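Remarks on the structure that follows.
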Amino acid sequence: MLGQTDVQVQRIRAIGLTVINCDRSLDFYTQALGFELVTDIIVAREEYSNLESVPGVKIRIVTLRLGDEIIELMEYVNIDFQPIPSDSQSNDLWFQHLAIVVSDMDRAYAHLCTFPIQLISTVPQTIPPGNEASGGVRAFKFKDPDGHDLELIWFPPNKRQDKWHQNQDRLFLGIDHSAITISHSEQSLHFYRDLLGMQVDSCSLNWGATQARMDNLPGVEVKITALRPVQGGVGIELLDYLVPGKGCPIPSNWKSCDIATVQIQLVVNHLEPLLDKLRRNGVKFVSPQIVELKDSLFPYRQGCVAKDPDGHTILLITE
């Protein structure tokens with residue numbers, strides 16, 4: 001009999017971004033951010049339609065690697081989609097960024113500015129030393145060609161994982177976390193910590209002029225809770241905007257084929273017992289059931305797509 005703590009997320013395998021055009025996104029992520037191409041496949045199988053609950057899909061999936069981390073660009077080539085709202089802000093509940101670690105913020109920023117990007121931050125910002133968890137960290141937020149939110153981040157020597165202070169010959173090092181805007185910290189902690197078994201890594205309260213310039217939100221005050229899976233690696237940060245408060249909710253009719261969809265792939269050790277626990281706690285699912293993925297093209301054997309309390313998409317998998 002499995003105990004409550006025996007069923008949990010082990011690590012984040014990859015982060016999937018739904019994109020308008022894989023060729024355009026591939027060029028951007030490889031040329032502007034240093035990602036390397038791993039695979040480029042077309043998927044048109046009933047299993048994947050069932051997984052994403054989008055009938056009759058044909059999806060091009062481009063897998064890219066940066067350091068130890070993986071993202072998947074997913075283009076639904078035969079399905080209509082909704083774009084990311086053009087007036088999207090950092091406190092809207094669909095906001096979700098990838099934090100890309102750099103070895104030199106000034107060089108990375110100068111390189112990035114040679115590409116057509118939409119700014120969120122005015123320029124790179126340095127978090128004041130009074131912030132115990134993040135003091136000295138430098139960050140810059142922007143959007144990719146589809147409007148997905150991204151962040152360049154640099155850590156001083158005494159902050160975060162040791163690996164970010166090695167291999168300094170590369171400019172773009174990897175992905176530290178995906179940050180999601182949430183409506184209530186305790187509600188999201190119940191989901192990610194208590195139900196999925198992720199561990200709280202740090203907590204901080206960010207506010208003042210630096211954070212306002214970073215988020216392009218006046219008078220901003222945001223509570224940040226960082227979580228990691230039991231095996232470490234990529235984490236999830238919960239962004240709880242206390243001021244100016246919560247923005248727009250995720251529309252209930254958004255689907256996996258809509259461009260705002262970001263899918264965090266969570267590797268779990270016991271999928272069926274975990275899904276039973278989530279169902280008992282009222283979690284909403286996109287997949288009708290566990291989907292068996294038998295094609296050798298798939299890097300995992302089983303999957304099920306679910307929603308967190310605010311509607312962010314997670315893909316629970318066993319490898």
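The structure presented is a predicted model; accordingly, all values stated were derived computationally and were not measured.
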| query | Quick one: which of Ile314, Val9, Thr225 gives a side-chain contact (heavy atoms from CB on, under 4.5 Å) with Tyr192? | reply | Ile314
| For the student: nearest non-hydrogen atoms of Val7 and Pro273, plus distance | CG2-CB, 3.9 Å
| note | Of all heavy-atom pairs linking Val286 and Leu51, the shortest is CG1-O, 4.3 Å
I need the [X] [atom1] to [Y] [atom2] distance, nearest 0.5 Å.
| X | Y | atom1 | atom2 | result |
| --- | --- | --- | --- | --- |
| Leu33 | Leu171 | CG | CG | 9.5 Å |
| Leu152 | Phe172 | CG | CZ | 6.0 Å |
| Ser134 | Asn206 | OG | CG | 5.5 Å |

Would you find a donor on one side and an acceptor on the other, under 3.5 Å apart, between the side chain of [X] and the backbone of [Y]?
| X | Y | answer |
| --- | --- | --- |
| Arg193 | Gln199 | no |
| Asp240 | Ser185 | yes |
| Arg228 | Gly233 | yes |
| Glu36 | Gly34 | no |
| Asp310 | Ser183 | yes |
| Thr313 | Gln263 | no |
| Ser103 | Arg170 | yes |
| Gln10 | Gln8 | yes |
| His312 | Thr181 | yes |
| Asn91 | Gly245 | yes |

Determine whether [X] and [Y] fall in the same hydrophobic cluster, where Ile, Leu, Val, Met, Phe, Trp and Tyr are linked whenever their side-chain heavy atoms lie under 4.5 Å apart.
| X | Y | result |
| --- | --- | --- |
| Leu98 | Phe95 | no |
| Ile153 | Tyr109 | no |
| Ile15 | Phe142 | yes |
| Met214 | Trp207 | no |
| Leu64 | Ile117 | yes |

| query | Can you tell which of His97, Gln96, Lys143 makes a side chain to side chain donor-acceptor pair (under 3.5 Å) with Asp149? | reply | Lys143
| Residue pairs passing the ring-ring contact (aromatic ring centres under 6.0 Å, His included) test where at least one lies in residues 223-245, sequence neighbours excluded | none
| query | Who else is in the cluster with Ile42 when I, L, V, M, F, W and Y are joined by side-chain contacts under 4.5 Å? | reply | none
| query | Do Glu75 and Arg24 pass the salt bridge (Lys or Arg N to Asp or Glu O under 4.0 Å) test, and can you show the C-alpha distance, the side-chain angles, and the key distance before you say yes or no? | reply | CA-CA 11 Å; Glu75 178 188 350; Arg24 181 178 70 170; over 6 Å; no
| query | Relative to the ring of Tyr48, is the ring of Phe298 parallel (under 30°), tilted (30 to 60°) or perpendicular (over 60°)? | reply | parallel
| Under a 4.0 Å N-O cut-off, is there an ion pair linking Lys163 with Glu69? | yes
| said: With side chain to side chain contact (heavy atoms under 4.5 Å, CB included) as the criterion, how do Asn216 and Gln89 come out once you've worked through the C-alpha distance, each side chain's angles and the decisive distance to 0.1 Å? | reply: CA-CA 8 Å; Asn216 193 24; Gln89 294 186 300; 5.9 Å; no
Could you tell me whether the side chains of [X] and [Y] share a donor-acceptor contact shorter than 3.5 Å?
| X | Y | result |
| --- | --- | --- |
| Asp162 | Gln166 | no |
| Gln302 | Thr318 | yes |
| Glu132 | Ser204 | no |
| Thr39 | Thr63 | yes |

More than 12 heavy atoms of other groups within 6.0 Å of [X] [atom1]:
| X | atom1 | value |
| --- | --- | --- |
| Gln31 | CD | yes |
| Gln82 | CD | yes |
| Lys255 | NZ | no |
| Lys58 | NZ | no |

